[in-house]
Amino acid sequence: MTLDSRFAPGDVEPRLYRGWEREGSFACNPDSNAQPYTIMIPPPNVTGSLHMGHALTFTLQDTLIRWRRMQGRDALWQPGTDHAGIATQMVVERLLAADGKDRREMGRAAFLDRVWQWKAESGGTITTQLRRLGASLDWPRERFTMDDGLSAAVKETFVTLYNEGLIYRDRRLVNWDPKLQTAISDLEVENREVKGSLWYLRYPIEGEPGDFIIVATTRPETMLGDTAVAVHPDHPAYGALIGKRAILPLVGRSIPIVGDTYADPEKGTGAVKITPAHDFNDFEVGKRHDLPMPSILDRQAMVTVEEIADVLAAIPGVADPDFVRGLVGQSRFAARSAIIAELERLGLLEKIEPHVNQVPHGDRGGVPVEPRLTTQWYCNAAVLAKPAIEAVETGRTVFVPKQWENTFFAWLRDIQPWCISRQLWWGHRIPAWYGPDGTVFVAKDEAGAAEQARAHYGRDEALSQDEDVLDTWFSSALWPFSTLGWPEKTKELDRYYPGDVLVTGFDIIFFWVARMMMMGLHMMGDVPFRTVYIHGLVRDEKGQKMSKSRGNVIDPLELIDTYGADALRFTICALTGPGRDVKLGAARVQDYRGFITKLWNAARFCEMNGIRPDPAFDPSQVKLPLSRWLLDAANTALREADAALEAYRFDEYAAAGYRFVWNNFCDWFLEFAKPLLAEGADAAGAAEIRGVGAHVLGLILRMLHPAIPFVTEELWDRFGYGAACSLIGTAWPAPVAVPDAEAARAELDWVIRLIGIVRSVRSEMNVPPAKPSPVLLRDASAAVLARAGRWIEAIRRLARASDVQALGGDVPKGSAQAVLDETTVVLPLQGLIDIDAERARLAKERDKVAAEAKKVRQKLDNPDFVSRAKEEVVAENRERLAAFEAEIARLQAALQRLE
RNA sequence: GGGCGGUUAGCUCAGCGGUAGAGCGUCUCGUUUACACCGAGAGGGUCGGCGGUUCAAAUCCGUCACCGCCCA
């Protein structure tokens, strides 16, 4: 074995990943006695490809799962994807369109065949890409929401909830996407700021020629469907009109003027037109006042007059049925222009003001959503939400960070009926059949429905299944248990439900977290996960959200190609603090790649110096302070790493590893080890250093494996710590008792500080590095001198000292001086240093300490502080003051010696 | 309009009552054979403003400003 001078992730990563998969290293074991640890992913969209958001969330999850797996837990990380009804159907329709085909021509069955074919060819993109990241998902257990088993779970749930009255049909307003021609969820609607206008329309008052009520609207085209004008009951000018009627221009309909607090006297004119079939607020007003609710836009958002045909009336100068009929078939945008022009012609347009408003857009289709009155299937989410809210209130499920539970509560406490039907072909077909008279029979299959129909009608009747499919989230909500075999009673279900943690971004709380909680509690009787860890979003270096339109999207696969998966993963961990977005760019990944390289090179040094795993090495038997110091520091790092991971502090975990490897192992241990390993050094000492070095390198590899699995596994294998690809399954290290750790810490701490002081003085005094200098210790105790003697080689090497000795007599002329505890460190550098500069340096040092001392003295001079502060704080400050004063005295003495 | 989060060194961020920190960048120095994807040293902050609580405030409370997100 000889390690290359650079770690080559591109060669190593695929080989190790294949090795892990081949060895079955990612597999859970339902037959084991170990305590399970389960992470259910919010399943990614089958049409998706890996983006930085995935890289973030899967890196964190993989870090957790690898850590728990090493701790001996029976880890299940359940992979899979959801079928993404709308997105997938759009993808396949686009492919068909390229071939000049249309799904309606080919028919439902052929279209679905085509979707499955697409899924077989392209649906594995993201799962392949997750492997590049190193994600250790239990792939043989991969599930898809349209699988038979998961489909059975959907049917079971639908039928159960229907029978409980929690699923029902209702006619109400939905968010309708006119492009996709389906209902969509509130959560699939994004409000976009659009520069529009506020049009002020004059509606004539019935029976009072020449009088108008002026309504302000952002959507004049909907006026065809107006069935009232609402004013605030207390409105000074318009309040008196309540109870009268207005003539709806163009249409000629007589509509009431109603009093409703929905009308905001501050907005527009204070009077608002009411179109119950095309606006959610107006719908509520319509219900309160029992208004008609005609739709004037069809499924494509084209004008239709079918529902207002019988109220059209010709009123000269106000309304013209021919004009209205002429709008039929026009888009809502064209109709708007035409209506405004006509109103203007009739003198019924008061004015137009520029207006910026929030326009709801379908997030997939990209066109403005049209509220539309349709019959859909609904789930009574308010009932399901109650136990979900309670589970978080009582701590059965805990949010980390806790503040996110407010977001969860806010949404669930105000939850609207969940529209679960979609006018799509790709998805779980709603298990409802209709008889000839429209009676609904809900059953898991057609035979069940037929049986119900027979009982109902007393004979066999032809049934037709509902054409619609279910919202994708209906099946995603079941994911934490449907993937485990439910509704079958499987040992996996028994063992891995509830899961331990759901890891996701805050934007997903409404989507998956809330729905999984509701369905898990209702169908399984228990929460789906005990902890919900919420991380931030990935942004670019400037903090901007990554988006295709901004052109600032970073492809994680490119980062992996360039810097390696470990570098990307470590960067993500290091930057993932609590409740923070992660600003990430190539530069950051490059920086952290330095750490991977550092680790690699430290290992190379070990290799070159005969540091290799020794099964006989016993850390409790080490003799050298350096060994004890290193083991003690490793204990600290391990404790920090564990505490950090327990608390989901990925940044602190990464920092603990970084500090230990770089600042303890490399900067000091390996440097101190060099003379001890040199030729002619004490053989027993060298053997111990090799032993402890190998032991601690092994600890490092284990401790960092969850974050940087590839480089650690490669080194583990190459050094022969275990069989090939075995690190992933190796036990997580625990701190061990280190004899005399306190003394070792004191000793090494002193040596490190001494070297630091000498280096600092030399650098500040511009001593040429090639000029070694003696290091003289004045006022040093016998113990300190003995210590210096033990470390003389290291001090020579690292502090550029020619010798280290006690200084008995006077300080030689032209020396530089510094204070280390009770000792004054003297560097005789006559001719090499500028005495004035040295004087200034010492004075500055003294003044700095004096300033500190002054602050502490002022504190101690305050009787309130001494009497009211905690005793240990007072004592600590007394000690600090004493130390400062002693240091000042020594610096002062050093200054005087210069004269 | 309501809610949440943020404002600490040039940048990215920890710290959240008792000595202001890290990483990166900057400057100076370095052919010390693990590593220049390196080593050594240095400089750099009235912890957004203003009030308050406290012996003590970056940290707790109030208020304002600015930035970002979510919901109307």
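In what follows, chains are A, B, ... by sequence order, proteins preceding strands, each numbered from 1. Just so we're clear, the structure is a prediction, and the values are computed from it rather than from any experiment.
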Treating [X] as the side-chain partner and [Y] as the backbone partner, does any N or O pair qualify as donor plus acceptor under 3.5 Å?
{"X": "D282(A)", "Y": "P276(A)", "answer": "no"}
{"X": "H51(A)", "Y": "G53(A)", "answer": "yes"}
{"X": "R800(A)", "Y": "V758(A)", "answer": "no"}
{"X": "N877(A)", "Y": "V856(A)", "answer": "no"}
{"X": "E764(A)", "Y": "V761(A)", "answer": "no"}
{"X": "S867(A)", "Y": "D864(A)", "answer": "yes"}
{"X": "E872(A)", "Y": "K870(A)", "answer": "no"}

What's the [atom1]-[atom2] distance between [X] and [N], to the nearest Å?
{"X": "R841(A)", "N": "G43(B)", "atom1": "CZ", "atom2": "C1'", "result": "16 Å"}
{"X": "Q590(A)", "N": "C38(B)", "atom1": "CD", "atom2": "P", "result": "10 Å"}
{"X": "D4(A)", "N": "C37(B)", "atom1": "CG", "atom2": "C1'", "result": "16 Å"}
{"X": "N766(A)", "N": "C27(B)", "atom1": "CG", "atom2": "C1'", "result": "13 Å"}
{"X": "D667(A)", "N": "G41(B)", "atom1": "CG", "atom2": "C1'", "result": "14 Å"}
{"X": "E764(A)", "N": "U28(B)", "atom1": "CD", "atom2": "C1'", "result": "11 Å"}
{"X": "N406(A)", "N": "C71(B)", "atom1": "CG", "atom2": "C1'", "result": "13 Å"}
{"X": "D864(A)", "N": "G17(B)", "atom1": "CG", "atom2": "P", "result": "22 Å"}

So what does [X] touch, heavy atoms closer than 4.0 Å: a base, only the sugar-phosphate, or nothing?
{"X": "R868(A)", "result": "base"}
{"X": "C666(A)", "result": "base"}
{"X": "K870(A)", "result": "base"}

| request: Could you check R192(A) against E190(A) for salt bridge (charged side-chain N to carboxylate O under 4.0 Å, His left out), going step by step and ending with a plain yes or no? | output: CA-CA 6 Å; R192(A) 296 186 196 164; E190(A) 65 180 37; 3.1 Å; yes
Grab the N/O contacts between the protein and nucleotides 5-9 of chain B below 3.5 Å, and write none if there aren't any.
from	atom 1	to	atom 2	distance (Å)
G6(B)	O3'	R580(A)	NH2	3.3
U7(B)	OP1	R580(A)	NH2	3.4

Given [options], which nucleotide is nearest the side-chain atoms of [X]?
{"X": "D591(A)", "options": "C24(B), G68(B), A20(B)", "value": "C24(B)"}
{"X": "K855(A)", "options": "G68(B), G41(B), A20(B)", "value": "A20(B)"}
{"X": "R539(A)", "options": "G23(B), C69(B), U12(B)", "value": "C69(B)"}

Salt bridge or not between [X] and [Y]? Use side-chain N to carboxylate O under 4.0 Å.
{"X": "R796(A)", "Y": "D803(A)", "answer": "yes"}
{"X": "E393(A)", "Y": "R413(A)", "answer": "yes"}
{"X": "R753(A)", "Y": "D749(A)", "answer": "yes"}
{"X": "R718(A)", "Y": "E714(A)", "answer": "yes"}

Check: For E646(A), does the CD atom sit with more than 12 other heavy atoms under 6.0 Å from it, leaving out its own atoms?
Finding: yes
- prompt: Does CZ in R219(A) sit with more than 12 non-hydrogen atoms of other residues, nucleotides or ligands closer than 6.0 Å?
  reply: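 Atom CZ in R219(A) is crowded, with more than 12 foreign heavy atoms closer than 6.0 Å.
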Could you go through the salt bridge (charged side-chain N to carboxylate O under 4.0 Å, His left out) check for E793(A) and K674(A) one step at a time?
-> CA-CA 9 Å; E793(A) 282 309 317; K674(A) 282 173 184 175; over 6 Å; no
Considering only atom [atom1], compute the distance from [N] to [M] and round it to an integer number of Å.
{"N": "C50(B)", "M": "G10(B)", "atom1": "C1'", "value": "27 Å"}
{"N": "G15(B)", "M": "C70(B)", "atom1": "P", "value": "25 Å"}
{"N": "G48(B)", "M": "U59(B)", "atom1": "P", "value": "8 Å"}
{"N": "G62(B)", "M": "A42(B)", "atom1": "P", "value": "42 Å"}
{"N": "A58(B)", "M": "C16(B)", "atom1": "P", "value": "14 Å"}
{"N": "A14(B)", "M": "U8(B)", "atom1": "P", "value": "11 Å"}
{"N": "G17(B)", "M": "U46(B)", "atom1": "P", "value": "24 Å"}
{"N": "A36(B)", "M": "G30(B)", "atom1": "C1'", "value": "11 Å"}

Review point. Between F669(A) and F660(A), is the gap from one ring center to the other below 6.0 Å?
Key: no
Does a side-chain N or O from [X] land closer than 4.0 Å to OP1 or OP2 of [N], or not?
{"X": "T407(A)", "N": "C71(B)", "value": "no"}
{"X": "W662(A)", "N": "C37(B)", "value": "no"}
{"X": "K674(A)", "N": "G39(B)", "value": "no"}

Given that N281(A) and R593(A) both sit by RNA chain B, which one's nearest nucleotide is further toward the 5' end?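 Its nucleotide being nearer the 5' end, the pick is R593(A).
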* Select from R797(A) and W411(A) the residue whose nearest nucleotide in RNA chain B is closer to the 5' end of that strand. =>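 The answer here is R797(A).
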Got a sec? Which of [range] come in under 4.0 Å of RNA chain B, heavy atoms?
{"range": "residues 643-659 of chain A", "answer": "R649(A), Y658(A)"}
{"range": "residues 594-603 of chain A", "answer": "T597(A), K598(A), N601(A), A602(A)"}
{"range": "residues 871-885 of chain A", "answer": "V873(A), R880(A)"}

The single option from T407(A), V400(A), I509(A), I508(A) that satisfies side chain to side chain contact (heavy atoms under 4.5 Å, CB included) with I534(A) is I509(A)
Note on RNA chain B: ranges paired as stems (three or more Watson-Crick/G-U pairs in a row, both atom distances under 3.5 Å) are B:1-7 with B:65-71, B:10-13 with B:21-24, B:26-30 with B:38-42, B:48-52 with B:60-64
Exactly one candidate in F650(A), F506(A), W404(A) meets ring-ring contact (aromatic ring centres under 6.0 Å, His included) with Y533(A); the answer is F650(A)
For the residue pair W716(A) and Y721(A), categorise the inter-ring angle as parallel (less than 30°), tilted (30 to 60°) or perpendicular (more than 60°).
-> parallel
Check the angle between the aromatic planes of W473(A) and W512(A) and answer parallel, tilted or perpendicular using the 30° and 60° thresholds. perpendicular
Please produce a list of atom pairs where a protein N or O lies less than 3.5 Å from an N or O of nucleotides 56-62 of chain B.
none

R515(A) vs L187(A), side chain to side chain contact (heavy atoms under 4.5 Å, CB included): CA-CA, chis, key distance, verdict
CA-CA 12 Å; R515(A) 292 187 163 133; L187(A) 299 172; 3.7 Å; yes
